[in-house]
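Throughout, a chain's letter reflects where its sequence line sits, starting with A, and its residues are numbered from 1.
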Number of protein chains: 2
Amino acid sequence: MSVERQTEPEKQAAFEQWPDGVSFGVLRDLIGYALRRAQIAIYRDFFASVGADGITPPLFAALVLIAENPDINQSRLGEILGVNRAAAKALVDRLTAPKLVERQASPSDRRANTIRLTPEGQARLGDLIRQVQAHDARVARRLAPEDLSLLRDLLGRF
Amino acid sequence: MSVERQTEPEKQAAFEQWPDGVSFGVLRDLIGYALRRAQIAIYRDFFASVGADGITPPLFAALVLIAENPDINQSRLGEILGVNRAAAKALVDRLTAPKLVERQASPSDRRANTIRLTPEGQARLGDLIRQVQAHDARVARRLAPEDLSLLRDLLGRF
DNA sequence: TATTGTTATACTCTATAACTATA
DNA sequence: TATAGTTATAGAGTATAACAATA
């Protein structure tokens, strides 16, 4: 026999991009805030699409960079991602635990580790890329193709 | 006598938007990732400009919404910001501690609190808005005015 | 001296689950 | 039953500071 639920799990409220009847004041004019709201909306779609595997946006980015830049070390990975060494280590640890990546002693620098995908990591990354691309395409569908490439260009200037 | 430092404080590495010599693979084409990198760059400028007061982007947004929508309650604030009730409470708590906002019993619903700025909160918000606007203007300067309004429009579609 | 990785620690942000009071 | 607020708990993400090993 299963235990009866006392209450239903609370459903996540929908995120309205700029709800009516709310005064946003100065936030309306801040490009940083517009970016933040867009990011919230996109992250929600990401977690609904890919989140089931415990892979988050930062972990996905780290995984792709490790795959694309063989034998990169942690410090450089952190620089590229925009986090410090301690944070980069934490990301690599979270990919090492499920055996998606592995560290190896660097042959050229005995201080450094070299990070690369395991065979399982290779296989999982293929699936993940498909899931993330499907998510991104769904989100991108809200814009015309020419607007999308324009947006990419504008974002790249910050 | 002061204790001698053993090491210099580590400086934050610069964040290069799309560094050369790095392969980004599929990340290059994901609009979600382009947005993420732009956000990282903008957050860094925010913290360099405003962070000294302990006010973060989510706290600033909450403060403005409370100012602009008098007697809003926590749950509604959370909905607008895109977080749940528990997270909204945490935000309000962090604004209540330095006495920028205060809770009052709602006259119309004895379950609810009404949130509003204290006089100190009013005064501080004026300064904060100026700091945040200066930050945002500095960031926005990277785009021509017409590109900026275009960007705002495109971001609003997600 | 500077860099790589590590450890310890702490803080922000956010979520889930369950509880109380009220609607 | 549903909603507002609260509490306890947890986890992700990130930072700072210090240390050892190596360059």
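- No hydrogens or angles were tested; on distance alone, nothing pairs the side chain of Arg111(B) with the base of dG5(D) as donor and acceptor under 3.5 Å.
- Considering Ile66(A), Leu95(A), Leu125(A) in turn, Leu95(A) is the only one that fulfils the side-chain contact (heavy atoms from CB on, under 4.5 Å) rule with Leu100(A).
- Checking the phosphate oxygens (OP1, OP2) of dT14(C), no side-chain nitrogen or oxygen of Asn84(B) falls inside 4.0 Å.
- Of the candidates dA15(C), dA4(D), dT14(D), the closest approach to any side-chain atom of Val83(A) belongs to dT14(D).
- Residues Ser75(A) and Arg44(A) both approach DNA chain C. Their nearest nucleotides, taken by heavy-atom distance, put Ser75(A) toward the 5′ side.
- Note on Asp29(B) versus Arg152(A): no salt bridge recorded, every NZ/NE/NH1/NH2 to OD/OE distance being 4.0 Å or above.
- Using a cutoff of 4.0 Å between basic side-chain nitrogens and carboxylate oxygens, Asp71(A) and Arg76(A) are not scored as salt-bridged.
- Helix bend of the helix from dT1(C)-dA23(D) to dA23(C)-dT1(D): the angle between its two end axes, each built from five pairs, comes to 10° after rounding to 10°.
- Ala112(B) comes within 4.0 angstrom of sugar-phosphate atoms only, judged by non-hydrogen atoms across all strands, and of no base.
- Note on Gln74(A): a side-chain N or O is less than 4.0 Å away from OP1 or OP2 of dT6(C).
- Using a 4.0 Å cut-off between a side-chain N of Lys or Arg and a carboxylate O of Asp or Glu, Arg124(A) and Asp127(A) do not qualify as a salt bridge.
- Relative to the side chain of Ala87(A), the nucleotides dT14(C), dT14(D), dA15(C) differ in distance, and dT14(D) lies closest.
- In this structure, Glu68(A) contributes its side chain and Ser23(B) its backbone to no donor-acceptor pair below 3.5 Å.
- A heavy atom closer than 4.0 Å to some atom of DNA chain C occurs in Arg103(A), these being the qualifying members of residues 90-110 of chain A.
- A donor-acceptor pair is defined here as one N or O able to donate and one able to accept, closer than 3.5 Å; such a pair exists between the side chain of Arg44(B) and the backbone of Gly82(A).
- Under the 4.5 Å side-chain criterion, counting only non-hydrogen atoms from C-beta, Leu35(A) is not in contact with Leu30(A).
- Here Asn113(A) lies in heavy-atom contact (under 4.0 Å) with sugar-phosphate atoms only.
- A distance-only check finds a donor-acceptor pair linking the side chain of Asn69(B) to the backbone of Leu65(B) [under 3.5 Å].
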